[in-house]
Enquirer: 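To start, I am sharing the structure in question, which I have written as structure tokens.
One-based numbering, in listed order, for ligands and for the atoms of each. Keep in mind that the numbers below use all heavy atoms, side chains included, and drop hydrogens, waters and symmetry copies. Just so it is clear, the structure is predicted and the values come from calculations on it, not from any experiment.
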Amino acid sequence: MNLLVIGSGGREHALAWALARDDMVERVFVAPGNAGTANESKCTNVAIPVSDFDAQIALCKREHIDLTIVGPEDPLVNGIREHFDSAELKCFAPSREAAQLEGSKAFAKDFMQRHDIPTASHLTTSHLDEAVAHIMEHGSPIVVKANGLAAGKGVVVAQTNAEAVEAATEMLSGNRFGEAGREIVIEEFLEGEEASYIVMSDGDIVLPFASSQDHKPVFDGGLGPNTGGMGAYSPAPVVDDAVETKILDEVIRPTIDGMAADGTPFQGFLYAGLMISKNKDVHVVEFNCRFGDPEAQPVLYRLRSNLSSLCYSAVNGQLSTKTIEFDDRAAVGVVVASGGYPEHYETGYTISGLDHTPAGTKTFHAGTQIQDDEILTSGGRVLCVVAADTDFVRARQQAYQGVEAIDFKDRHFRTDIGYRAIGRLQN
Ligand code: AMP
Ligand code: GLY
């Protein structure tokens, strides 16, 4: 079987690596990929942008690709699935309409309200006077979100009313996120601990992947601006058996059933970003219509089952015949980023030490490229070093040994990935 993975980040390296492990898989093309996928066994990068569906389809025909798996959200929201369907090519991805669960926060909130899926109370509006009145009535802390895709940056958790009004004003004026902010969602602030829960669905049957936890702020202790994610681990101890049952019964099952009932069945990876309260209530913070990044790196590192066969069954609506198995060990992934990310940063720096990471760790690449036999930085998030162990603390130590072995100018990483898990495990 030949496969195509669309994307160029750490998630796509993890997907390509996991797919290439399967004996049935002959070749994995990655479009456009990074230095990590270029050097992965069975993998070949093809310089096709994520948005160029025609070129991807031509590649699939030329190389006899049996199945395409999509990493990032933009092509999903822009209808990659429909393009592949029209070309009669198999693509494991939600339809454009189903991808609205991520593409429009207003759509997701309305959907959850209609289907009784627990989430923060909210107002959707494109009028500033209505936004201000709502903020004044409910008071801070309060959360202001741009409706459309904003690369994970369209959310302001406002500590004061003034901050909330400022965020709403900037978003609605189109200054901050362009069209994505012309409509906003104002949400009740939820307290608790966040966790990610990712499942695969064929539109009906659900196969849960492992729980995980991301670290969005750029600095230790959760300080600084939000990023795409500075590290993740799996499983997340906050998701115990009782919480997992709640997530499946109150969130995942009603979402898959609701999408099917609404005539937009969800086939693909569904990612629920959740807030777990002290008394273990579960609320949805956001849905993503794809695998998380960097959650994919530790989660797929733990996957024991054959990923290509799972995706192939899912795209054919045959997940009911499948089970899924994970390594019991905990996996920890630490992201190494360019200094200055998520704001301004430089690229083009030589990365050294990639061969000196401890045995048993796996370094997934994100913003990297090969030039004259050297591996250079080419993005904000550069690498994610993953290690696994039966003991969480040892897994984390090993991941950090890997991080310490790698160097490039101005590299930045958080030193506290997994602190919540360690706190919980010590209690
Ligand atoms: P989102 O892009 O919707 O996942 O939001 C980014 C981050 O903002 C989340 O990971 C949370 O940390 C925070 N956040 C979003 N919505 C809420 C909420 N209603 N209450 C508390 N924190 C939130
Ligand atoms: N790590 C968060 C995300 O993938 O959206």
Enquirer: Taking atom NE2 of His115 as the centre, does the number of heavy atoms from other residues, nucleotides or ligands within less than 6.0 Å exceed 12?
Expert: yes
Enquirer: Would you call the rings of Tyr345 and Tyr341 parallel, tilted or perpendicular, taking 30° and 60° as the class edges?
Expert: perpendicular
Enquirer: side-chain contact (heavy atoms from CB on, under 4.5 Å) with Ser95: which residues, sequence neighbours excluded?
Expert: Glu82, Glu97, Ala98
Enquirer: What atoms in ligand 1 come closer than 4.0 Å to a heavy atom of Glu187?
Expert: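 Those atoms are 16 (N), 17 (C), 18 (C), 19 (N).
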Enquirer: Closer than 4.0 Å to some heavy atom of Gly292 - which atoms of ligand 2 meet that?
Expert: 4 (O)
Enquirer: With sequence neighbours left out, what residues match Asn78 under side-chain hydrogen bond (donor to acceptor under 3.5 Å, both in side chains)?
Expert: none
Enquirer: Which ligand 1 atoms, with their elements, are less than 4.0 angstrom from a heavy-atom of Phe189?
Expert: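 What qualifies from ligand 1 is 20 (N), 21 (C).
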Enquirer: Is there a donor-acceptor contact under 3.5 Å linking the side chains of His344 and Glu346?
Expert: yes
Enquirer: Going by distance only, is there an N or O of Leu190 that falls short of 3.5 Å from an N or O of ligand 1?
Expert: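 Such a contact does occur with ligand 1.
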Enquirer: Looking just at side-chain N and O atoms, do Glu130 and Thr125 make a donor-acceptor pair shorter than 3.5 Å?
Expert: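 A pair is found: one side chain offers a donor N or O, the other an acceptor, under 3.5 Å apart.
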Enquirer: Return yes when atom CG of Asp241 has more than 12 non-hydrogen atoms of other residues, nucleotides or ligands closer than 6.0 Å, and no otherwise.
Expert: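 Counting other residues, nucleotides and ligands, CG of Asp241 stays at 12 neighbours or fewer.
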Enquirer: Could you tell me whether Asp262 and Arg114 have a side-chain N and a carboxylate O separated by less than 4.0 Å?
Expert: yes
Enquirer: Give the numbers and elements of all ligand 2 atoms closer than 4.0 Å to a heavy atom of Asp214.
Expert: 1 (N), 2 (C)
Enquirer: Is there a heavy atom of Gly229 sitting under 4.0 angstrom from any atom of ligand 2?
Expert: no
Enquirer: Taking only Lys NZ, Arg NE, NH1 and NH2, and the carboxylate oxygens of Asp or Glu, determine whether Lys109 and Glu183 approach each other closer than 4.0 Å.
Expert: no
Enquirer: Should you measure from each heavy atom of Glu194, which atoms of ligand 1 turn up under 4.0 Å away?
Expert: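 Taking each heavy atom of Glu194 in turn, ligand 1 has 9 (C), 10 (O), 11 (C), 12 (O) under 4.0 Å.
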Enquirer: Looking only at distances, can you tell me whether any N or O atom of Lys216, backbone or side chain, sits closer than 3.5 Å to an N or O atom of ligand 2?
Expert: no
Enquirer: Is the closest heavy atom of Pro294 to ligand 2 under 4.0 Å?
Expert: yes
Enquirer: Does a salt bridge link Asp293 with Arg381, judged by any charged N lying under 4.0 Å from a carboxylate O?
Expert: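 Yes, Asp293 and Arg381 are salt-bridged.
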Enquirer: Please list, in number order, the atoms of ligand 2 under 4.0 Å from a heavy atom of Glu295.
Expert: 1 (N), 2 (C), 4 (O)
Enquirer: Out of Val144, Asn226, Val185, who is nearest to atom 7 (C) of ligand 1 when you count heavy atoms only?
Expert: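 Result: the heavy atom closest to atom 7 (C) of ligand 1 is in Asn226.
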Enquirer: Please list, in number order, the atoms of ligand 2 under 4.0 Å from a heavy atom of Gly228.
Expert: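 Close to Gly228: 1 (N), 2 (C).
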Enquirer: At less than 4.0 angstrom from any non-hydrogen atom of Lys216, what atoms of ligand 1 do you find?
Expert: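 Selected atoms, number and element: 4 (O), 10 (O).
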Enquirer: Would you check whether Met275 reaches within less than 4.0 Å of ligand 1, judged by its heavy atoms?
Expert: yes
Enquirer: Mark up the atoms of ligand 1 that fall under 4.0 Å of a heavy atom belonging to Lys145, in ascending order.
Expert: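 Ligand 1 atoms under the 4.0 Å threshold to Lys145: 3 (O), 15 (C), 16 (N).
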Enquirer: Below 30° counts as parallel, above 60° as perpendicular, anything between as tilted: where do the rings of Trp17 and Tyr301 land?
Expert: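 Trp17 and Tyr301: parallel rings.
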Enquirer: Quick one: nearest non-hydrogen protein atom to atom 5 (O) of ligand 2, plus distance?
Expert: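 Looking at atom 5 (O) of ligand 2, the protein heavy atom closest to it is Arg290 NH2, 2.8 Å.
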Enquirer: Hey, does Lys105 sit under 4.0 Å from ligand 1 if you only count heavy atoms?
Expert: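 Contact present.
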Enquirer: Taking atom 17 (C) of ligand 1 as the point of reference, which of Thr119, Val284, Val143 owns the nearest heavy atom?
Expert: Val143
